[in-house]
Amino acid sequence: MHLEFPEFEVKEKKVQVHNLPELRNVKGSVVMRMAPSPSGPLHIGHSRMAILNDEYVKRYGGKLILRIEDTNPANIDPIAYEQIPRDLEWLGVTVHQIAIQSDRMESYYEQARLLIAAGHAYVCTCIQEEFKQKISASVACPHRETPPEENLEKFQKMVDGTFSPGQAVLIIKTDLKHPNPSVRDWIAFRISDAVHPRHGTEYHAYPMMNFSVAVDDHLLGLTHVIRGKDHINNTEKQKYIFNYNKWKLPEYYHYGLVDFPGVILKTSIIKKGLAEGKYSGWDDVRLGTLLAFRKRGFRPETFRRYWIRSGMREIDSEFSVEIFNSINKEIIDTSTPRLFFVPSPVQIRIIGGKDLSGKAPYHPSHPEMGYRTYILGQDPTISVPSADWNSMQDGMELRLKDLCNVIKDGNSAEFAGNAMKERKTRIIQWVPENSRKFSVYRPDGSEDTGLIEPLAEKYRGVAQLERYGYVNIVSENTGFFTHP
RNA sequence: GCUCCGAUGGUGUAGUCCGGCCAAGCAUAUCGGCCUUUCGAGCCGACGACCCGGGUUCAAAUCCCGGUCGGAGCACCA
């Protein structure tokens with residue numbers, strides 16, 4: 001090409017690929033983990049952690065461990081042991097190993113004894129409030145200087161159930177003058193008599209998250225840890241365990257918190273709603289669980305693309321439903337058939353047309369998907385959306401899509417030819433007389449009822465109900481709204 | 001209050017480590033045009049941002065200081 005005026009040369013278009021950054025210090029492959037608490041099925045918030053970890057393990061090779069952190073027997077829903085792996089499988093996350101912390105209690109006891117013996121931990125039998133006050137004043141509690149032998153004996157009493165809940169805790173010595181009070185001498189074990197769903201009353205002394213996490217991150221050989229920013233302070237605490245043992249620290253990454261406006265995620269709220277019968281189940285479309293998104297017709301790939309685009313920075317952000325929906329649409333649109341659904345229908349009669357028949361493609365860009373054909377004959381009765389019909393004045397013309405033009409005249413429509421009209425003419429969907437009742441349940445809890453065209457009877461899956469939105473059709477008369 | 005962290009258009013982000021190619025890229029949303037007997041689809045275009053104030057420098061979104069705003073943690077939860 002001859003360029004007489006090079007300054008007018010069109011700048012080469014930069015193609016921006018959304019890629020996650022490289023991880024630090026990758027030596028060959030990586031070992032990573034995700035650690036949801038087993039309080040219920042996974043929700044959209046969990047999907048970020050799962051996708052990010054999975055992406056990196058797939059990029060570098062290595063191993064992804066699902067670690068179920070069930071060391072608080074009071075906050076476990078047994079459904080999680082089954083459902084979390086299923087949720088991950090649906091997301092397309094490859095789990096190479098499952099570690100259930102309550103099955104690893106002996107390791108925690110062993111590591112605790114080693115730390116006690118080395119003088120890095122002590123059993124404290126102070127009143128809870130007194131201990132807190134001392135710590136916040138940077139004052140050592142009297143038990144801090146107990147000799148290791150005695151601590152080992154006391155710890156044994158914690159383990160064997162001699163102590164009752166609240167009577168004793170195991171404390172990791174850190175730095176009483178640490179600027180962050182929560183990092184000062186933190187609790188590693190406490191006593192609980194709650195019944196554990198997997199182990200009943202076998203154990204009395206349960207490790208706190210910061211202890212079991214540090215021990216497992218080492219024992220499981222983790223090279224990189226990616227988790228939410230809310231764990232930054234925990235990382236600080238866990239480092240003491242690594243340093244006392246001279247273990248090599250994994251590389252830590254903390255992504256920012258995401259606000260999900262209007263999405264119901266909190267397990268406690270969901271459980272309350274379930275108990276009250278407010279929600280139909282964990283997959284109620286009003287909820288933010290993966291089960292609910294799945295029921296609404298979202299693709300797992302949507303989650304992956306969304307979280308990769310969001311990156312891994314420490315900025316807090318707001319979940320963008322707009323972008324999430326548009327990603328899903330981008331994925332499904334090309335293979336999604338078009339169907340007619342008329343919400344809040346009004347019946348009208350078409351006067352004057354002869355041998356009317358409608359023919360519409362299942363997908364305008366893919367004629368190979370076929371056509372829906374309806375023979376209507378003479379002066380047929382059809383249904384159209386009342387919202388459209390009622391907003392028209394008598395004498396106004398509109399187009400019944402893939403059928404004909406009509407002029408409104410009360411509750412009738414005068415046939416006005418088949419020719420393509422000016423662009424300004426409103427084009428609406430319609431359904432023939434023998435259409436089926438159909439209800440769409442929306443995530444805001446509302447329900448749209450109307451009529452769906454007869455040929456939709458056997459279709460299952462997401463369809464684009466023209467001029468209405470994408471809907472996951474699950475039975476001949478029920479669908480769940482996916483997105484606009 | 002204490003500790004730590006962050007701040008790019010309406011929204012989500014790229015760029016910040018190692019200052020110049022950034023008068024800031026991409027996506028989404030909105031608006032307009034084209035196409036199409038749906039459109040929220042496709043193509044084209046428009047709109048629109050470096051929190052504020054100082055400093056360093058030939059040069060700052062990028063480095064330094066101060067401020068403002070926002071967030072997280074400060075549990076015998078994870």
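None of these values were measured; they are calculated from a predicted model. Just so we're on the same page: letters track the sequence lines, and every chain starts at 1.
Taking the six-membered ring where tryptophan is involved, the planes of A/H224 and A/Y253 are essentially parallel, since the angle between them stays under 30° and well short of 60°. Between A/H196 and A/H199, the ring-plane angle classifies as tilted under the 30° and 60° cut-offs. A tilted orientation is assigned to the rings of A/H483 and A/Y470, their planes being inclined by 30° to 60°.
Using a 4.0 Å heavy-atom cutoff across all strands shown, A/I323 reaches at least one base atom of the nucleic acid. The residue A/Q429 sits apart from the nucleic acid: no heavy atom pair falls under 4.0 Å. Within 4.0 Å (heavy atoms only), A/T71 reaches sugar-phosphate atoms of the nucleic acid but no base atom. The residue A/Y468 sits close to a base: some heavy atom pair falls under 4.0 Å. Nucleic acid contact class of A/H231 (heavy atoms, under 4.0 Å, all strands): base. Contacts of A/N325 with the nucleic acid, taken as non-hydrogen atoms under 4.0 Å apart, are absent. If you check every strand for non-hydrogen atoms under 4.0 Å, A/D402 touches a base. Within 4.0 Å (heavy atoms only), A/P179 reaches sugar-phosphate atoms of the nucleic acid but no base atom. Base engagement by A/E322 is indicated by at least one non-hydrogen atom pair under 4.0 Å involving a base atom.
A donor and an acceptor atom never sit less than 3.5 Å apart when one is taken from the side chain of A/E318 and the other from the base of B/G10. For A/R184 and B/U3, a side-chain-to-base donor-acceptor distance below 3.5 Å is absent, hydrogens and geometry of angles not being considered. Residue A/R338 places a side-chain atom within donor-acceptor reach of the base of B/U38, judged by atom type and a 3.5 Å distance cut-off alone.
B/A61 is unpaired under the Watson-Crick or G-U wobble criterion, no partner having all donor-acceptor distances under 3.5 Å.
Under the ring pair (Phe, Tyr, Trp, His ring centres under 6.0 Å) rule, A/Y306 has a single partner from A/F293, A/F298, A/F324, which is A/F324.
Listed pair A/S317 / B/U13 meets the phosphate criterion, a side-chain N or O lying under 4.0 Å from OP1 or OP2. The phosphate of B/A7 (OP1 or OP2) has a side-chain N or O of A/R313 nearer than 4.0 angstrom.
Considering all non-hydrogen atoms of both residues, A/E453 and A/S435 come closest at CA-OG, 3.9 Å.
Comparing B/G45 with B/U8, their P atoms sit 28 Å apart, to the nearest whole Å. Comparing B/A23 with B/A27, their C1' atoms are spaced 22 Å from each other, to the whole Å.
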